[in-house]
Amino acid sequence: MPELPEVETVRRGLAPAMEGAMVDAVDAKRPDLRFPLPLDFTKQLAGRTVTQLGRRAKYLIIDFDQGPSLICHLGMSGSFRVEADGDQQTPGSFHHERSKAAAHDHVIFHLTSADGARSRIVYNDPRRFGFMLMADRPLEHPMLAELGIEPVGNSLNGPALASLLKGKKTPLKAALLDQTLIAGLGNIYVSEALWRAGLSPRRSAGSIVHAGGTATHRAEALAAAIRAVIADAILAGGSSLRDYVHADGSLGYFQHSFAVYDREGEACPKPGCAGHVKRIVQSGRSTFYCPACQR
DNA sequence: AGTAGAACCTGAGCGC
DNA sequence: TGCGCTCAGGTTCTAC
């Protein structure tokens, strides 16, 4: 599930429940995530108050009033959900799934908010590719220090993209997935952005840069497409979340408006294009694109 | 420099 | 009902 827009959606969903709340206890039911949880993980967090939830690329960063920050990565299948402690589990009740202890609930944060309300933040991750780290200066942690430019805001423009891709012979798709160049794109949104920009995932990354290193119209179009697809996805995710963070991303998820991702064989949705979506494999992962309008 | 493949894990979907 | 196979939103490692 989680690329940058999903992580941002999670951040926005968790913030109201977590910011200003104190950690009463942390229950590490299954500490062997991708990396083992820090040894004194639960002890360190108890008694501290959350000041702010941040995000860098696909990393969620939780700051406290004291001590190191908590860095969370959701891997392929990680998710958080918020449960009010007042939610009683009633068998067969309408909200059954929300308060039920599910399989693969690995870490549970028990919180008390400033107004005294108690809640649980539950981390669920079937595949356990996700992980949590502690760091005094999270942005300087080795796993975050080399991350590239954020594809939100205005910083990712034609010239910035051109300087990143200049001279690169690797396929454009691979370059866009490289987190040290652009931080936060994943397999879905790379396909979507390339379709919007009308660019083939197979062309070399450097081919959309002028010899002198300046941006071509293709680079300008791609930068705009990346920003737009990320912004649209955040909007779509945000609209599906109000009072809680859903567990599996199925509700209102952006997949309902994918143009090419997972649409092999379907007609290209671009008006006037007679092409059909093709699936190819690049560096071991599926790429979806329209050979007719993406050149 | 580039790419392929495997690894880490579990679950869903499909053909038989 | 079940078995075996492929695939999955990420990242990191080794090997040609």
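Every chain is numbered from 1 and lettered A, B, ... according to where its sequence line falls, protein lines coming before strand lines.
The residues A:Glu150 and A:Arg55 are annotated as salt-bridged, a charged nitrogen and a carboxylate oxygen being separated by less than 4.0 angstrom.
In terms of modelled atom types and a separation under 3.5 Å, the side chain of A:Gln179 and the main chain of A:Gly184 share a donor-acceptor contact. Between the side chain of A:Thr112 and the backbone N or O of A:Gly116 there is no donor-acceptor pair closer than 3.5 Å. With A:Arg48 contributing its side chain and A:Gln66 its backbone, the two residues share a donor-acceptor pair below 3.5 Å.
The side chain of A:Ser286 approaches C:dA8 more closely than any other nucleotide in the set B:dG2, C:dA8, C:dG10. Across B:dG2, C:dT12, C:dA8, the shortest atom-to-atom separation from the side chain of A:Thr170 is found for B:dG2. Closest to the A:Ser283 side chain, of the nucleotides B:dG2, C:dT12, B:dA4, is B:dA4. Comparing C:dA8, C:dT12, C:dG10 by their closest approach to the side chain of A:Arg285 singles out C:dG10.
As rounded to whole Å, 16 Å separates atom P of B:dA1 from atom CG of A:Leu165. In this structure, A:Phe35 places its CZ atom 18 Å from P of B:dA7, rounding to the nearest Å. Atom-to-atom, CD of A:Gln179 to P of C:dT12 comes out at 9 Å; the value is rounded to the nearest Å. Atom CD of A:Gln282 is separated from atom C1' of B:dA4 by 13 Å (rounded to the nearest Å). B:dG11 atom C1' lies 8 Å from atom CZ of A:Arg127, rounded to whole Å. At whole-Å resolution of the value, CD in A:Glu146 and P in C:dT11 are 15 Å apart. Between A:Glu264 atom CD and C:dT6 atom P there is a gap of 16 Å when expressed in whole angstrom units. The distance between atom CE of A:Met143 and atom P of C:dG10, rounded to the nearest whole Å, is 14 Å.
Of the N and O atoms on the side chains of A:Asp125 and A:Ser77, at least one donor lies less than 3.5 Å from an acceptor on the other residue. Remark: the A:Lys169 side chain and the A:Ser204 side chain contain no N/O donor-acceptor pair separated by less than 3.5 Å.
The hydrophobic cluster containing A:Tyr289, built from Ile/Leu/Val/Met/Phe/Trp/Tyr side-chain heavy atoms closer than 4.5 Å, also comprises A:Ile280.
Hydrophobic clustering (ILVMFWY, side-chain heavy atoms < 4.5 Å, transitive): A:Leu70 and A:Leu147 are in distinct clusters.
Not one side-chain nitrogen or oxygen of A:His104 sits closer than 4.0 Å to the OP1 or OP2 atom of B:dC9. For A:His73, no side-chain nitrogen or oxygen approaches OP1 or OP2 of C:dG10 to under 4.0 Å. The side chain of A:Lys58 contributes an N or O atom lying less than 4.0 Å from OP1 or OP2 of C:dT11.
A:Arg128 contributes no side-chain N or O that forms a donor-acceptor pair with the base of B:dC9 under 3.5 Å.
For A:Phe129 and B:dC8, the ring-to-base geometry satisfies the stacking test (centroid distance below 5.5 Å, interplanar angle below 30°).
Looking at heavy-atom distances under 4.0 Å, A:Gly186 makes contact with sugar-phosphate atoms alone, never a base.
For the P atoms, the distance from B:dG5 to C:dT6 is 14 Å, rounded to whole Å. Spacing between B:dC9 and C:dC13 at atom P, rounded to whole Å, works out to 15 Å. Rounded to whole Å, the separation between the P atoms of B:dA4 and C:dC7 comes to 15 Å. Comparing B:dA6 with C:dC5, their P atoms sit 15 Å apart, to the nearest whole Å.
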Dot-bracket notation for DNA chain B, counting Watson-Crick and G-U pairs under 3.5 Å, with | for partners on another strand: .|||||||.|||||||
